[in-house]
Number of protein chains: 2
Amino acid sequence: MGSVSNLGANLAALRDHNAAVVLGLLRDAGEGGASRAELAARSGLTPQAVSKITARLRADGFAAEAGRRLSTGGKPATALRLVPGAGRAVGVHVERDAVTAAVVDLAGAVVATRAVALSSGATAETLVGVVAEEVRALVEGGGVLGVGVAAPGPLDHVGGVLRDVTGFPHWSGFPLRDALAERLGLPVVLDKDTNAAALGLLRSAPREPGSFAYLHLGTGLGAGLVLGGEVHRGARTGAGEFGHQVLRLDGPPCPCGRRGCLEVLCLRAVADGDTALAARLLGVGAANLVQLLDIDRVLLGGRTALADPDPYVRGVRAELPASVPVAVAPGGERVVVEGAAELVLAPLFGAGRAGRVLAPAAP
Amino acid sequence: MGSVSNLGANLAALRDHNAAVVLGLLRDAGEGGASRAELAARSGLTPQAVSKITARLRADGFAAEAGRRLSTGGKPATALRLVPGAGRAVGVHVERDAVTAAVVDLAGAVVATRAVALSSGATAETLVGVVAEEVRALVEGGGVLGVGVAAPGPLDHVGGVLRDVTGFPHWSGFPLRDALAERLGLPVVLDKDTNAAALGLLRSAPREPGSFAYLHLGTGLGAGLVLGGEVHRGARTGAGEFGHQVLRLDGPPCPCGRRGCLEVLCLRAVADGDTALAARLLGVGAANLVQLLDIDRVLLGGRTALADPDPYVRGVRAELPASVPVAVAPGGERVVVEGAAELVLAPLFGAGRAGRVLAPAAP
DNA sequence: GCGCTTACGCAACAGCGTTGCCAAAGTGGT
DNA sequence: ACCACTTTGGCAACGCTGTTGCGTAAGCGC
């Protein structure tokens, strides 16, 4: 079977799982909160189980009562809500020329932001220093659960190692996650910028169907894929190489070694100012992807697409079935930083762990 | 978060999960079986928990002791193995011109097979009758857990409904699963033929990495995708439309409404006898897919590919990174029937349910 | 024969969600 | 005002889970 779900589960895992499920429902419920009975209905747990679980969450400070609802014919429900301040996470967006960081509370609201430019020839050590400095400035309040770092791909999410980032060959192989974790004394998660964006978008629209593609058109062309409510990374975090699909056999050569890649064609059209062609190409690639994976909707982002979004939305929409909505990713560039923070928060809420819902027994 | 994993879990779910995990490990262990200590190490469960779980499995007839291992310095281990005869499943492969069925035991071994031709204008009711007849002839021994049906797409796996199967427009919308289930009095699962094949291949090589693509080149061109050890179907079982990716902008029109689809180009090359071109086209499509999803390996199947496999394997391999192995899917056409049976068996062994490892409490 | 290691079961246990029951607090009919 | 009813939610006892501590079986090496 799979390499992952061969794992047994114990009572502690059961408890943690249910706590995360309830916490996730509380977060999705937002400001209004949710009553114990609602939580029971949505989770499939018994009302009594929910009472016990929420009692633990309240004792730990993660949840609190928040007034009464109107009666629906019986005793009025007591609303419970997430206590946003019970924990924080830092998201860091590493770009080729800048580092942006933000602290986010449990509800996903941005508490503070920082940004700093990155000199063009920065070494990996310099990068660690800059990021550590930004994070330190943000975590002074304490209560920070961890740091999520979104960086340009390719990279290794599992190992936390950078690969051959275009323009920064000397970063290749650098264990950014562990270096940062040691320097900061905090847990660190590393992922591709497009994956972080997809995670952020997943968070901001939890009620939407389970799969979408975030297409990022900036200096390159990549994608973040959410399949079945989970970010799909692939074994080596290599998924999302959306730009390197061949759309024109024997087309112009691409640095990746093949010919007629979407990225080459599309970026050339952008350079030529032919936005309509670029949009059409993007649409054809999106249609390939949507057909292949049966994806529910498409979101566009990236500096180039955001600078003049309408023709891209129209062009992509024209190539897709009418059943697949196309829109600009809300939040602009901000989704990457927030998604990076979400890399830390998601496990608390029972997301991002479908394959390992139940961890093995502690050693 | 996802639409699926908002579900809480109770002790019954915990027990079932662990039982399935252990049963899956026993099946993967094959003839030789596995000791309780090995099961404990692989599952992460306590040895004592494994003892209890295997005691239940033995009491239910699913597992049995199978001799002693050699000592490794202490008390020799007692091997446990799956009892293959404890349950059976029927797999049915519906093609446009034939129906094949097979009974399979818990270990996946084929116990009996049947095949019958299907007249070209068969109605959906005729199909139900033919399939029911084949299944009835096979289940006489009893102990059958369910029936898995693999049919040409598109179809709806969740609803168990056929869609517009090429050449059989009158099948569209027919609820094959429920019709069969009622007629047979057995649980029925319906899935696309390519997905069944992928599931069968996943079963036959459980130790391999977690993702692969099964590319099926026959009268059409489709794919079965296994991502992270799970078959990826998409929300509407529409995933795997591998043949309708555009490889040549403004190429020849395709019945799907677009132009330059891989399927059109590839089938035309096949019709022209230009196997090398067909193979190269298949390879380019495969490379697009491998890059997009970070897939570990590629398996080829389908009548056309199997008739003359070498050029296809070579052609596809030439377009892929060297790190991605390409091979002919072992078992030929047989994988579809066996995979269909696996649709029934997989849930017993803890596979195919990563998103719903823990079911909600019983109503 | 002795010490050591490994495999595994028995018994007591802590902790999980469940069940049965009851109190609280509204609505709506009379 | 009163009563019947509905809905919310807690308390206590319970059944069942995997865990822990310890004892026993059964091999190896010296």
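Residue numbering restarts at 1 for every chain, and letters A, B, ... go by the order of the sequence lines.
- Each of B:A19 and A:S51 was assigned the nucleotide of DNA chain D with the nearest heavy atom; the assignment lying further toward the 5' end belongs to A:S51.
- Side-chain proximity of A:L14 to the nucleotides C:dG17, D:dG18, C:dT19 is greatest for C:dG17.
- The CG-P distance, from B:D16 to C:dG17, rounds to 16 Å in whole Å.
- Atom-to-atom, NE2 of B:H17 to P of D:dG18 comes out at 10 Å; the value is rounded to the nearest Å.
- Rounded to an integer number of Å, the gap from CG of A:L39 to P of C:dG17 is 14 Å.
- The side chain of B:L11 lies closest to D:dC16 when the candidates are D:dC16, D:dG18, C:dG9.
- When the nucleotides D:dA25, C:dT18, D:dG10 are ranked by their closest atom to the side chain of A:R58, D:dG10 comes out on top.
- Nucleotide D:dC14 holds its C1' atom 10 Å from the NZ atom of A:K52, rounded to whole Å.
- Backbone-only contact: A:I53 has heavy atoms under 4.0 Å from sugar-phosphate atoms and none from a base.
- Using a 4.5 Å heavy-atom threshold, the side chains of A:V103 and A:V110 count as separate.
- One atom, CG of B:L80, and another, C1' of C:dG9, lie 14 Å apart when rounded to the nearest Å.
- Side chain of A:K75, nearest nucleotide from C:dG9, D:dT8, C:dG17: D:dT8.
- Checking B:Q48 against A:P47, the closest nucleotide of DNA chain D that is more toward the 5' end is the one next to A:P47.
- Ion pairing of A:D294 with B:R236 is present here, as a side-chain N (NZ or NE/NH1/NH2) and a carboxylate O approach within less than 4.0 Å.
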- Message: If you apply the rule salt bridge (charged side-chain N to carboxylate O under 4.0 Å, His left out), what do you find for B:D28 with B:R42, and how did you get there?
- Response: CA-CA 11 Å; B:D28 290 353; B:R42 286 182 206 161; over 6 Å; no
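- Between B:A77 and A:R15, it is B:A77 whose nearest contact on DNA chain C lies nearer the 5' terminus.
- The B:T46 side chain lies nearest to D:dT20 when the options are D:dG9, D:dT20, C:dG17.
- Taken from OG1 in A:T237 to CG in A:D156, the straight-line distance is 5.0 Å, to the nearest 0.5 Å.
- Rounding to the nearest 0.5 angstrom, the gap separating the CG atom in A:L57 from the CZ atom in A:F62 is 8.0 Å.
- Residue contacts for A:P76: at a heavy-atom cut-off of 4.0 Å it reaches the sugar-phosphate backbone alone, with no base atom in range.
- Residue A:R36 has no polar side-chain atom (N or O) positioned under 4.0 Å from OP1 or OP2 of D:dT8.
- Distances shorter than 4.0 Å separate none of the side-chain N or O atoms of B:R56 from OP1 or OP2 on D:dC16.
- Between A:N10 and D:dT19, a side-chain N or O to OP1/OP2 separation shorter than 4.0 Å is present.
- Atoms CG (B:L45) and C1' (D:dT20) sit 15 Å apart, rounded to a whole Å.
- The listed nucleotides are D:dG9, C:dT18, D:dA26; the one nearest the side chain of A:S35 is D:dG9.
- Put simply, B:N18 has no side-chain N or O that comes within less than 4.0 Å of OP1 or OP2 on D:dT17.
- D:dA26 atom P lies 18 Å from atom CZ of B:R69, rounded to whole Å.
- Residues A:R81 and A:E65 are not paired through a salt bridge, judged by the lack of any N-O separation under 4.0 Å between the basic side chain and the carboxylate.
- Of the candidate nucleotides D:dG18, D:dA26, D:dC11, D:dA26 has the atom lying nearest to any side-chain atom of B:R68.
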